[in-house]
Amino acid sequence: MPRVSPHSSANNSQYEQQLEIRKRRKILVFERRPSDHNGWTVFFYHGAGATYRHFDAQIEHVVTLGYRAVTCDMYGHGSGSAAVSERGKHMFTFEQFCYDALTLFDRYAENEMNVLVGHSYGTSLCTLVYNERRSRVRKLVLLSGGGPYALAPEKYSLFSLPSSILSCLKPIIVKLFREACFHSPRKKSWLSDRELLSIEMDSLRHVMRGQYWEEGDENYHAHISCPVLLVVGRQDRFITLSDEISMNMIVPRSVLHILEAGHLLPIECSDEVNDLLGTFLTYDLPTHCSLHQKTLYKKVTETVV
């Protein structure tokens, strides 16, 4: 049974519920619907190690604009996080998360008026859901997503270490991750360690080592035909500006906006992201978006940031 939020009011309704994707695999789903729902739904997909609560500000914003919001904690994240043995690593591959993302969309998309918003790893999920359900997706918003390249785990990364060693190093990893995620020193303390990295180290290791998506190359992204908003932080230590610019050049109807921030844009620059999102939801791009039109859109958005 869904758990109704104590914050629900006469103006909107919201609830959380466990959705069983398949046997022994559940995700926590959150839905919020305004009383003046305009018929559109915005789906939010968070990044690796995160939780849907990273989108709290954006969910609140789109609901006030009349949009229904749907999101979830990916398998093994947030309230569903738990230690996983090496035998369970197959549950954390990109393929498995794609199945979850598609199931969430199929269960909660009420019509063809849907927008997908993703952050970091979640941008790849958004892109795949769009490709598989493109007749039912109108726009994409990709935050800190990086370039139009196939996914593959790094061979010699920190996550090549055994899970037992990673668990011992977790306090150091969380501290380094906090430093890398935020540009503003003042905002580095906004989240607790658990809110910042809401996943066990062995599960995160499986996620990072399971990032195989050979299809997601330049050709795959070049076939995205809907309007796409790209947002990146100039001081992002995980995503380079050159990669994001490459994405902007490859995706025909995309516009790129650069913020003075780090990787966690939904939290560090919540007001700016909300303004960009609100403008993008009501502003359309031509079928063939030229560089001049992309620049024009950037000027439009800069007036509200």
Side-chain angles (χ1 to χ4, degrees), residues 30 32 38 40-48 50 52-72 74 101 104-105 108-109 112-134 136-148 216 221 224-233 236 238-239 243-245 247-248 250-259 261 263-285 289 293-294 297-298 300-302 304-305:
F30 176 81
R32 187 169 176 186
N38 60 16
W40 287 75
T41 298
V42 181
F43 288 83
F44 293 88
Y45 295 94
H46 67 73
Y52 82 76
R53 297 302 302 271
H54 284 196
F55 285 119
D56 275 356
Q58 288 71 49
I59 291 172
E60 178 70 27
H61 185 61
V62 299
V63 169
T64 61
L65 297 177
Y67 294 83
R68 169 175 169 253
V70 175
T71 185
C72 73
M74 296 198 308
L104 178 73
F105 183 83
Y108 288 88
E112 298 179 352
M113 298 187 296
N114 301 290
V115 179
L116 307 182
V117 179
H119 175 253
S120 194
Y121 190 51
T123 61
S124 295
L125 298 176
C126 285
T127 305
L128 183 135
V129 171
Y130 165 77
N131 188 64
E132 297 294 325
R133 304 290 187 268
R134 62 174 59 222
R136 305 181 68 190
V137 178
R138 292 291 176 262
K139 296 182 179 183
L140 293 177
V141 179
L142 309 180
L143 309 173
S144 308
H221 288 85
I224 298 176
S225 58
C226 73
V228 180
L229 172 63
L230 305 172
V231 188
V232 66
D236 194 324
F238 299 102
I239 304 299
D243 284 347
E244 202 71 46
I245 291 172
M247 178 73 91
N248 187 212
I250 289 294
V251 180
R253 300 177 68 189
S254 68
V255 291
L256 172 62
H257 200 95
I258 302 170
L259 301 178
H263 189 66
L264 277 182
L265 296 178
I267 296 174
E268 183 170 5
C269 291
S270 58
D271 291 341
E272 291 92 334
V273 171
N274 286 351
D275 287 339
L276 289 168
L277 181 57
T279 301
F280 184 69
L281 290 175
T282 56
Y283 182 92
D284 206 358
L285 292 174
C289 189
Q293 289 165 329
K294 291 182 180 186
Y297 175 85
K298 183 176 179 181
V300 170
T301 57
E302 283 177 343
V304 297
V305 174

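Count residues from 1 along the sequence.
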Practice prompt. First locate atom OG1 of Thr127, then atom CD1 of Ile224, and finally report the distance between them rounded to the nearest 0.5 Å.
Written response: 4.5 Å

Worksheet item: Which atoms form the tightest heavy-atom contact between Cys269 and Ala261, and what is the distance?
Response: SG-CB, 3.2 Å

Discussion item. If you define the side chain from C-beta out and look only at heavy atoms, does anything of Leu259 sit under 4.5 Å from Leu276?
Written reply: yes

Mind listing the side-chain donor-acceptor pairs of residues 40-48 below 3.5 Å, one per line with the distance, residues two or more places apart or on another chain?
{"from": "Thr41", "atom 1": "OG1", "to": "Arg68", "atom 2": "NH1", "distance (Å)": "2.8"}
{"from": "Tyr45", "atom 1": "OH", "to": "Ala101", "atom 2": "O", "distance (Å)": "3.1"}
{"from": "His46", "atom 1": "NE2", "to": "Met74", "atom 2": "N", "distance (Å)": "2.9"}

Discussion item. Keeping Arg32 on the side-chain end and Val63 on the backbone end, is there a donor-acceptor pair under 3.5 Å?
Written reply: no

Item to complete: Please name the pair of heavy atoms, one in Ala57 and one in Asn274, separated by the smallest distance, quoted to 0.1 Å.
Response: O-ND2, 3.4 Å

Worksheet item: Can you tell me how far the OH atom of Tyr67 sits from the CD1 atom of Ile59, to the nearest 0.5 Å?
Response: 15.5 Å

Worksheet item: Less than 4.5 Å apart, any side-chain heavy atom of Val231 and any of Leu277?
Response: no

Practice prompt. Output the distance between atom CD (Glu132) and atom CZ (Phe105), rounded to the nearest 0.5 Å.
Written response: 11.5 Å

Response to the item:
Nearest heavy-atom approach of Thr123 to Gly145 is OG1-CA, 3.4 Å

Worksheet item: Who pairs with Arg53 by side chain to side chain contact (heavy atoms under 4.5 Å, CB included), at least two apart in sequence or on another chain?
Response: Thr51, Asp56

Item to complete: Given side chain to side chain contact (heavy atoms under 4.5 Å, CB included), test Arg134 with Ser225 step by step and report yes or no.
Response: CA-CA 9 Å; Arg134 62 174 59 222; Ser225 58; 3.6 Å; yes

Practice prompt. Spell out, as yes or no, whether a donor-acceptor pair under 3.5 Å connects the side chain of Gln58 to the backbone of Pro266.
Written response: yes

Practice prompt. First locate atom OG of Ser270, then atom CG of Asp275, and finally report the distance between them rounded to the nearest 0.5 Å.
Written response: 9.5 Å

Discussion item. Run the salt bridge (charged side-chain N to carboxylate O under 4.0 Å, His left out) test against Arg133 and tell me which residues pass, sequence neighbours left out.
Written reply: Asp106

Worksheet entry | Side-chain (Tyr108) to main-chain (Thr71) donor-acceptor, under 3.5 angstrom | no

Discussion item. Do Val228 and Tyr130 make a side-chain contact, defined as non-hydrogen atoms from C-beta onward lying under 4.5 Å apart?
Written reply: no

Fill in: Straight-line distance of Ile239 CD1 to Leu230 CG, nearest 0.5 Å
11.5 Å

Item to complete: For Val273 and Leu265, work out which heavy atoms get closest and say how close.
Response: CG2-O, 3.7 Å

Item to complete: Taking Arg138 for its side chain and Val115 for its backbone only, find out whether a donor-acceptor pair lies under 3.5 Å.
Response: no

Worksheet item: Are the side chains of Lys139 and Leu229 in touch, meaning some heavy atoms are under 4.5 Å apart?
Response: no

Discussion item. Looking at every heavy atom in both Ser254 and Met247, which two are closest together, and how far apart are they?
Written reply: OG-O, 4.1 Å

Worksheet entry | Check: Ser144 and Phe238 side chains under 4.5 Å, non-hydrogen atoms | no

Worksheet entry | Closest non-hydrogen atom pair, Leu140 against Cys226 | CG-SG, 3.8 Å

Discussion item. Parallel, tilted or perpendicular, judged at 30° and 60°: which one describes the rings of His263 and His119?
Written reply: tilted

Practice prompt. Hey, could you give me the CG/CG distance between Leu264 and Asp236, rounded to the nearest 0.5 Å?
Written response: 9.0 Å

Fill in: Student check: side-chain heavy atoms of Val251 and Pro148 closer than 4.5 Å
no

